[in-house]
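Atoms within a ligand are numbered from 1 in the order they appear, just like the ligands themselves.
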Amino acid sequence: MMRIPQKGRDWSFLKSELEDAKKDDFSWRRGRMALYYYYLDEELKRVQQEAYCAYWNENNMAHRAFPSLKRLEGEVVEMGLSLLHAPPGATATFTSGGSESIFLALKTARDWARAEKGVTRPKAVVPRTCHPTFTRAAHYLGIEVVRVRTSRNDFRADVAGMAERIDADTIMLMGSAPNYPFGVFDPIADIAALAQERGLWMHVDACVGGFLAPFVRDIGHDIPAFDFAVPGVTSISADLHKYGMAAWGASLMLLREQRLKDKYQIFTFDDWERGAYMQPTAQGARPGGAVAAAWAVMNYLGMDGYHRIARIIMETKRRLTGGINAIPGLAVLEPNELSIFVYRASDPALDIGAIADGMAARGWFVGRQAEPKGIHLALNPNHEVMVDDYLADLRAVVAQARGVAGAATAERSY
Ligand SMILES: Cc1ncc(COP(=O)(O)O)c(C=O)c1O
């Protein structure tokens with residue numbers, strides 16, 4: 001087993017070892033990865049890095065020591081709240097990512113339901129397209145998640161089906177804006193109306209859409225209302241480290257009412273020798289750099305920058321989906337409303353798994369969809385550079401793949 005070296009090694013040597021360590025990793029820079037990264041350009045990367053480093057050693061748990069971080073975090077929170085139509089009295093928490101935002105929403109809802117409704121065996125009813133993080137967080141928190149099959153026509157939540165699964169232990173409904181498997185918005189207004197009617201918490205998972213959908217709507221696309229503009233929405237998760245273009249480790253958990261945060265989100269404790277301890281997040285020490293980078297990116301891009309990103313992504317999607325649909329035997333699933341889409345083989349002589357294998361063999365990092373079998377792409381601005389190469393390779397692979405069975409079902413899909 002490897003041990004910490006007795007003698008420290010020279011940084012210049014370690015640095016080149018790190019660079020070397022990456023040699024077999026995927027080339028995200030040329031847009032060859034279908035998921036797992038967000039990149040606009042070198043300028044924005046410099047802003048992220050320098051802002052992060054400016055707060056390298058500052059611990060964001062220590063607002064008493066670093067009041068500047070309290071201010072920067074407060075400004076990031078306000079920008080997020082205003083973007084997502086928060087009413088007066090709303091609040092938000094800066095978290096480490098979508099998973100933590102969802103965890104906090106579930107934890108706050110659980111404690112609210114226990115205190116105000118006496119529910120001790122809580123359940124959440126969610127569409128099956130909802131991100132696995134929901135079930136994972138619920139597992140940690142002792143909440144049962146009921147996943148309800150979604151429509152096979154438009155991949156949206158089946159609201160009537162969700163209504164049927166509500167019982168006395170149900171505390172929460174949720175919808176995605178958009179969902180990850182298909183890039184489609186659930187009918188948030190209908191789910192929120194149902195939640196209101198039954199006195200339930202309504203969470204919107206806008207980890208993907210929170211910092212993209214408002215800008216896509218502004219540039220003229222049809223995006224349904226999904227945020228606090230919808231009556232009955234209690235909480236929203238929206239990731240800064242996805243389309244907010246911040247450095248990794250940045251998301252917001254937004255709440256319609258400050259009261260819910262004060263009473264049910266914040267953990268307080270004083271039964272030890274150091275006195276009172278209080279945390280609004282699942283983390284203790286938190287990187288100040290993540291807050292500084294998010295703050296800098298939002299101010300650097302401005303609304304204009306985010307609109308530019310929205311235009312690049314939607315134009316890239318138009319070119320890619322048009323090119324894929326023009327290849328006989330392939331079809332892009334509709335609808336797809338934002339940056340995510342899936343395509344499948346519409347010709348029985350083609351196996352989409354064999355096409356995925358062929359693309360992988362040509363150096364593409366392929367997102368394999370399990371149901372229906374397909375190829376999944378989550379676009380970011382950097383994919384603009386890959387469209388022609390991707391389509392050329394896809395045409396060649398399809399020509400070779402006729403009649404060949406692939407390994408798509410055997411591999412991990414995510
Ligand atoms: C819709 C949705 N929700 C939640 C998450 C989890 O976010 P994170 O990976 O930042 O924890 C993801 C991640 O892709 C997502 O797509």
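- Side-chain contact between K107 and Y264 is absent, with no heavy-atom pair separated by less than 4.5 Å.
- Of all heavy-atom pairs between L104 and T95, the closest is CD1-CG2, 3.8 Å.
- Ligand 1 has at least one atom lying under 4.0 Å from a heavy atom of K242.
- Proximity of I102 to ligand 1 is established by a heavy-atom distance of less than 4.0 Å.
- Each of the following atoms of ligand 1 lies closer than 4.0 Å to a heavy atom of C207: 2 (C), 3 (N), 4 (C).
- Side-chain contact check for Y343 and T321: no donor-acceptor pair (N or O, by modelled atom type) lies under 3.5 Å.
- The contact set between ligand 1 and Y180, taken as ligand atoms under 4.0 Å from a residue heavy atom, comprises 16 (O).
- Residue-ligand proximity, G98 to ligand 1, at heavy-atom distances under 4.0 Å covers atoms 7 (O), 8 (P), 10 (O), 11 (O).
- Side chain to side chain, H383 and T316 fail the donor-acceptor criterion of an N or O pair below 3.5 Å.
- The D239 neighbourhood of ligand 1 comprises atoms 7 (O), 10 (O), with distances under 4.0 Å to a heavy atom of that residue.
- Using modelled atom types, one finds a donor on one side chain and an acceptor on the other under 3.5 Å when comparing N382 with Y37.
- Heavy atoms of H241 found under 4.0 angstrom from ligand 1 belong exclusively to the side chain.
- For the pair R368 and D357, the salt-bridge criterion is met [side-chain N within less than 4.0 Å of a carboxylate O].
- The option from D205, T133, V208 that lies nearest to atom 4 (C) of ligand 1, judged by heavy atoms, is D205.
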